[in-house]
Every structure is written in structure tokens, then in C-alpha cells.
Asks: 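Pasting a structure below so you can have a look.
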Amino acid sequence: MDEVVKIVNDIKNGNIKPIYFLMGEEPYYIDKLSDYIEQNVLSEEEKGFNQTVLYGRDVSMEDIISTSKRYPMMAERQVVIVKEAQDLTKTIDRLEAYAENPMDSTVLVFCYKYKTLDKRKKVTKNIAKSGVVYESKKLYDNQVGDWIKRVLAGKNYTIDPKASAMLVEFLGTDLSKINNELEKLQIILTKGSTITPKHIEENIGFSKDFNVFELRKAIGERNQLKSYQIAQYFSDNPKDNPLVVTTSLVFSFFIQLLKYHGLKDRNPKNVAAALGVNPYFLKDYDVALRNYPMKKVSAIVGTLRDIDVKSKGVGANSLPQHDLLKEMLVKIFN
């Protein structure tokens, strides 16, 4: 994120490079940087003649280079944006000569999603020498919560840790999806508001009481009644609560618990870092640690592997979701 801020600030200050090669597994920042350049480098009057958006599947590298070598009309520079540039993977090396001596009056932007250039290649080195090569890396699960907090803080909002955890658990690490949901909430909530689990439930559709997050907590507390109630809710709403996702997240909970049992340093801050969880939720793991000895956790991990295989239709004769969830809970609580 710091690198993104630097690129934006450089553009604001007039330090505009002739090539921006935006690449990587996480498309969110690729889109953000591309959109910023598209919206801010040229004035509205200049864009008509001097801003071109191309798509990798529709053009060749020769087309892109030819367009980039044109001179701007009644403007200091032109902007050429190549979206879905990953479709040009086989011919991207043809950019090498242009990147060595690019047009100063052209801002050439590549949106090269889900892939990266080999940094040892000459084409990459030439781009880096004359322009910017930015790699947008996918965040780990335990990094997304902090990202959500930073994004909201920049817009004068805060978020309850449980609400943040719900977003991560249900939307994963896809920053674009998470940002879209956050923007929906910002429309209805006044600046300075704190986003709560209730806001998530009412406006995004995730139940604050019947979700995998609450199921793991109930299992950790050995609260069988609540665990079975949540399992029943999942069975009644299978499309919103796929069994494969449920078993995967319960499995990850017990893997974290197994790791917790093996830690010698029980300092809360260090434990949270080792488990990859928000310190706010560490108390839930402390409860589960007392309720499930290490030997029991190891047995549960084995059980969950078996349930996961069955949830995918292997050796289970297509058992209904309710039966597999019930089997999972019975074996955990026995």
C-alpha cells in the first residue's frame, strides 16, 4: 500500500513516468492505479483526442507500440491504457525496444493481472529503468483485517473486529469484493460511524449469529446446543453456507489450536501473530485450548479431513449436508 501511495503522490507532484507496468495476483490495486491515471493525468478537454483504452485480447504489441509513438494533440502528453494485458503474455517481450527508449509525451499503462513478468528479463529491466514496475501481491488472510481498518480510517470510519472477521471469512482475500461491500455501507452510514456485525447482517446478508465464525466459537466453548442450531441453519440455507467452506474453516480453526498447543511463548501478542488472528479474538482460542487437549485436537483434525473428503462426494454415497454436519459435530464433541 505504501508503494501505491508513493506512485499516486509522484503523479500528483508531476513526476509522471512514460510506462507503468501494473502486475500481480491482486487486481484491486492494479485497477485503482489504472483508474487514477485515467482520471487525473489529462484534463477532461484533453482526454477526447489523447486518451486511448485498449484491451489485450483485441490488439497486438505492434498496435500498442504504434499508438504509443503518436504525438499528443494540443496537449503535453497522451495516455494509453492497456487493460487485460495478461492476454499479451506470449508477445510481451516485443515491448523491450520501446521500453528502452519510450516516448516522453506518452504515458503507457499495462494492467497485467494475475501474472507477473520475469524480473530477470531485459524487457522488465528496461521498463523498470524508464518507468514503474509495480507488483500487486495477494494478501494473506491475517493481513486483510488490517487492510480493512486502514481503508476505512482513510474515509473516517472504523469497524468492529467481529464485523471485520465476518467480511474476511465470507469474502476471503478478494479486496475488490470487500471494498464493494464497504462502499455500500459507507453510503448508508454517516462518517465517523463504526461498522458493526449488525450492519453486516442487515445490509450485506451475512447472519451475525449463524455463521462459520459463530460455529467455531460455539465448538471452542463446547456449546453443543448452539453448534447444532447453527448446523441446522446451514442445512436450511445450503447455498449461502457450502459444506466445503464450513469444513475448511473449522479445520483451519483446529489447525491453529494445534499450533497454539505447541507454542512455548504464550505472550498474547506473539500468540496472535503465530496463529495469524486478531488479538481481539484470542480469548476464544484460550477457551478452546482448555476444552480440547492436544491429543483430542489431533484426532479432530483427522476427522475433519475425512468429513472434507465426504463433502466432496468421495465414499459417502452423496450424504446430505445435514448428516455430514451432524457427523462432524458428533465426532468433535465425543
Asks: Please walk me through it: do L117 and I127 pass side-chain contact (heavy atoms from CB on, under 4.5 Å)?
Replies: CA-CA 11 Å; L117 290 181; I127 296 170; 4.1 Å; yes
Asks: Is there a donor-acceptor pair under 3.5 Å between the side chain of S164 and the backbone N or O of D160?
Replies: no
Asks: Using a strict threshold of under 4.0 Å (side-chain N to carboxylate O), is an ion pair present between E44 and K47?
Replies: yes
Asks: For F110 and F21, I'd like to know if the aromatic rings sit close, meaning centre-to-centre distance below 6.0 Å.
Replies: yes
Asks: Given side chains that start at C-beta, do those of V123 and D118 come closer than 4.5 Å, heavy atoms only?
Replies: no
Asks: Please, which pairs that meet side chain to side chain donor-acceptor pair (under 3.5 Å) have at least one residue in residues 84-100, sequence neighbours excluded?
Replies: E62-R94, E84-Q86, T89-Y112, T89-K115, D93-K121
Asks: So, does N156 use its side chain to make a donor-acceptor pair with the main chain of K191 at under 3.5 Å?
Replies: no
Asks: Counting only N and O atoms by type, is there a donor-acceptor contact under 3.5 Å from the side chain of S105 to the main-chain atoms of R77?
Replies: no
Asks: Could you verify whether a donor N or O on one side chain and an acceptor N or O on the other, from S227 and R222, lie under 3.5 Å apart?
Replies: no
Asks: Are any side-chain N or O atoms of Q143 and backbone N or O atoms of Y140, one a donor and one an acceptor, separated by less than 3.5 Å?
Replies: yes
Asks: Test your reading of the model: is there a side-chain donor-acceptor pair from K296 to the backbone of N334, 3.5 Å cut-off?
Replies: yes
Asks: Side-chain contact test, heavy atoms from C-beta onward, threshold under 4.5 Å: evaluate it for F254 versus I332 and give yes or no.
Replies: yes
Asks: Applying ring pair (Phe, Tyr, Trp, His ring centres under 6.0 Å) between Y285 and each of F253, Y292, Y260, report the one that passes.
Replies: F253
Asks: Donor-acceptor pair, Y157 side chain versus L189 backbone, under 3.5 Å?
Replies: yes
Asks: Compare all side-chain heavy atoms of F234 with those of T246 and state whether any distance is below 4.5 angstrom.
Replies: yes
Asks: Minimum heavy-atom separation for K226 and E214, please, with both atom names.
Replies: NZ-OE1, 3.1 Å
Asks: Are the aromatic rings of F281 and F213 close, with centres under 6.0 Å apart?
Replies: yes
Asks: With a 4.5 Å cut-off on side-chain heavy atoms, are T196 and H199 touching?
Replies: yes
Asks: Looking at Q186 and K155, what are the two nearest heavy atoms and their distance?
Replies: OE1-CD, 3.1 Å
Asks: Does any part of the side chain of W147, heavy atoms only, come nearer than 4.5 Å to the side chain of N179, both counted from C-beta?
Replies: yes
Asks: Tell me whether H261 contacts the main-chain N or O of Q256 through its side chain, where contact means a donor paired with an acceptor under 3.5 Å.
Replies: no
Asks: Look at the side chain of S34 and the backbone N and O of D31, then say whether any donor-acceptor pair between them is shorter than 3.5 Å.
Replies: no
Asks: Could you tell me whether the side chain of E221 and the main chain of N223 form a donor-acceptor pair under 3.5 Å?
Replies: no
Asks: With a 3.5 Å cut-off and no angle check, do the side chains of E135 and T116 form a donor-acceptor pair?
Replies: no
Asks: Hey, could you give me the CD1/CD1 distance between I11 and I16, rounded to the nearest 0.5 Å?
Replies: 6.5 Å
Asks: So does R266 have more than 12 non-hydrogen atoms from other groups sitting under 6.0 Å from CZ?
Replies: yes
Asks: Side chains of N180 and I178: closer than 4.5 Å at any heavy-atom pair?
Replies: no
Asks: Where the side chain of D63 meets the backbone of S60, is there a donor-acceptor pair that is under 3.5 Å apart?
Replies: yes
Asks: Any side-chain heavy-atom pair from L95 and L108 closer than 4.5 angstrom?
Replies: yes
Asks: Do the non-hydrogen side-chain atoms of N203 and K184 ever get within less than 4.5 Å of each other?
Replies: no
Asks: Determine whether T106 and S68 satisfy the following criterion, side chain to side chain donor-acceptor pair (under 3.5 Å), listing intermediate values before the conclusion.
Replies: CA-CA 6 Å; T106 294; S68 300; 5.6 Å; no
Asks: If the threshold is 4.0 Å, N to carboxylate O, is there a salt bridge linking K177 and E181?
Replies: no
